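Let me begin by presenting the structure, written as structure tokens, before commenting on it.
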Amino acid sequence: MTEPGRFDADEQSLRAAVGGNALWYHTIELRPGVVTPGWFDLRSIVERMPWPDVAGKRCLDVGTYDGFLAFELERRGAREVIAADLSDHTRWDWLPESRASGPDYLAAIAGPDKAAGFKVAKNALGSSVQRVETSIYDLDCNRLGTFDVVVCGSILLHLRDPLRALEAIRRVCHGLLLSAETIDLALSVRHPRAGVARIVGSERLLHWWIPSLAGHRRMVHVAGFAIERSTRPYAIPFGRGHPPLDRSPLERTRRAFTRLVAGNHGIPHAAVLARPRV
Ligand SMILES: C[S@@+](CC[C@H](N)C(=O)[O-])C[C@H]1O[C@@H](n2cnc3c(N)ncnc32)[C@H](O)[C@@H]1O
């Protein structure tokens with residue numbers, strides 16, 4: 001007997017479904033012993049995020065990818081979870097050089113179907129999370145309603161206009177925003193109080209800006225939120241599926257610095273819990 005809605009195939013079929021998805025972003029335990037080979041593994045840091053009480057609440061996860069944070073909201077007792085993402089990579093904020101290289105180039109960088117992993121995970125977990133296709137910029141309460149809690153993770157750095165994105169979130173957020181973003185540790189150490197960001201312009205990684213710790217807080221503030229809680233830097237560990245790491249001396253030094261400041265190996269992040277102030 002399986003729970004209603006739960007993936008009722010045997011373990012071999014589930015493993016085949018996991019193997020059939022060419023790229024897993026998230027490491028998700030779908031069943032004891034069946035874990036997706038994600039690029040990133042949020043399991044050990046999820047408790048470091050400043051979660052509000054989401055029990056009985058209507059929640060939104062923006063830029064969900066394989067859905068790890070949306071499933072976490074559901075696990076924490078949310079009444080309803082909407083997982084928003086933009087699978088159509090032609091609508092992502094590409095740098096001008098990337099777009100000029102043509103559609104085949106963009107498709108190769110963007111990777112395969114962005115929704116495939118979410119579907120496998122949703123089935124396997126017997127989840128009720130609903131995935132909707134929308135750009136963060138187009139979040140609209142007439143279409144999606146409003147939310148008690150909005151979670152937005154590791155996406156602002158991929159956007160040319162992160163403040164417009166935060167303003168769009170504010171339109172649908174009537175309660176709390178949990179914003180968990182990549183930060184630049186060196187900038188954070190050098191400018192502990194100033195709201196600064198590094199303009200990256202990385203074509204392959206689609207990175208526009210990476211703020212300092214204070215820069216991330218400032219971005220959330222100027223987009224119309226009051227910050228209630230915030231974390232110290234933490235690092236999101238690489239998962240089993242991540243491509244081999246760059247072993248150059250510069251990258252090794254960067255990784256040692258991350259371990260020193262954030263406490264572990266991975267991509268430096270910080271998170272805030274904030275409430276619309278206007
Ligand atoms: C780095 S992943 C973050 C995954 C997840 N939120 C997390 O924190 O682990 C970035 C996600 O943003 C999505 N994305 C990129 N541009 C977007 C846009 N304009 N609107 C909505 N989602 C977008 C991508 O499809 C991808 O799922």
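In this text the structure is predicted, and so the values were computed from the model without any measurement. Numbering of residues begins at 1 and proceeds along the displayed sequence. In listed order, ligands and their atoms are each counted from 1.
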(Q) Just to verify, what does Ala115 make a side chain to side chain contact (heavy atoms under 4.5 Å, CB included) with, not counting sequence neighbours? (A)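 Residues passing side chain to side chain contact (heavy atoms under 4.5 Å, CB included) with Ala115: Ser87, Asp113, Lys119, Arg131.
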Q. Do Asp148 and Arg58 meet the salt-bridge criterion of a basic N to acidic O distance under 4.0 Å?
A.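 Looking at Arg58 and Asp148, the cut-off is not met.
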Q | Distance-only polar pair, side chains of His216 and Ser179, donor-acceptor under 3.5 Å | A |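 Result is yes, a qualifying pair exists.
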**Q.** Side-chain H-bond candidate by donor/acceptor type, Thr36 with His26, under 3.5 Å
**A.**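 No.
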One line per pair, note the atom names and distance for all nitrogen or oxygen contacts under 3.5 Å between ligand 1 and the protein.
{"unit_1": "ligand 1", "atom_1": "6 (N)", "unit_2": "Gly63", "atom_2": "O", "d": "2.6"}
{"unit_1": "ligand 1", "atom_1": "6 (N)", "unit_2": "Gly153", "atom_2": "O", "d": "2.9"}
{"unit_1": "ligand 1", "atom_1": "8 (O)", "unit_2": "Gly153", "atom_2": "O", "d": "3.1"}
{"unit_1": "ligand 1", "atom_1": "9 (O)", "unit_2": "His26", "atom_2": "NE2", "d": "2.7"}
{"unit_1": "ligand 1", "atom_1": "19 (N)", "unit_2": "Ser135", "atom_2": "OG", "d": "3.4"}
{"unit_1": "ligand 1", "atom_1": "20 (N)", "unit_2": "Ile136", "atom_2": "N", "d": "2.8"}
{"unit_1": "ligand 1", "atom_1": "25 (O)", "unit_2": "Asp85", "atom_2": "OD1", "d": "2.6"}
{"unit_1": "ligand 1", "atom_1": "27 (O)", "unit_2": "Asp85", "atom_2": "OD1", "d": "3.2"}
{"unit_1": "ligand 1", "atom_1": "27 (O)", "unit_2": "Asp85", "atom_2": "OD2", "d": "2.6"}

**Q.** Cation-aromatic face contact Arg277/Phe225, 6.0 Å, 45 degrees
**A.**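 Arg277 over Phe225 ring: no.
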(Q) Contact between Val200 and Leu157 at the side-chain level, heavy atoms closer than 4.5 Å - yes or no? (A)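 No - every pair of side-chain heavy atoms lies 4.5 Å or more apart.
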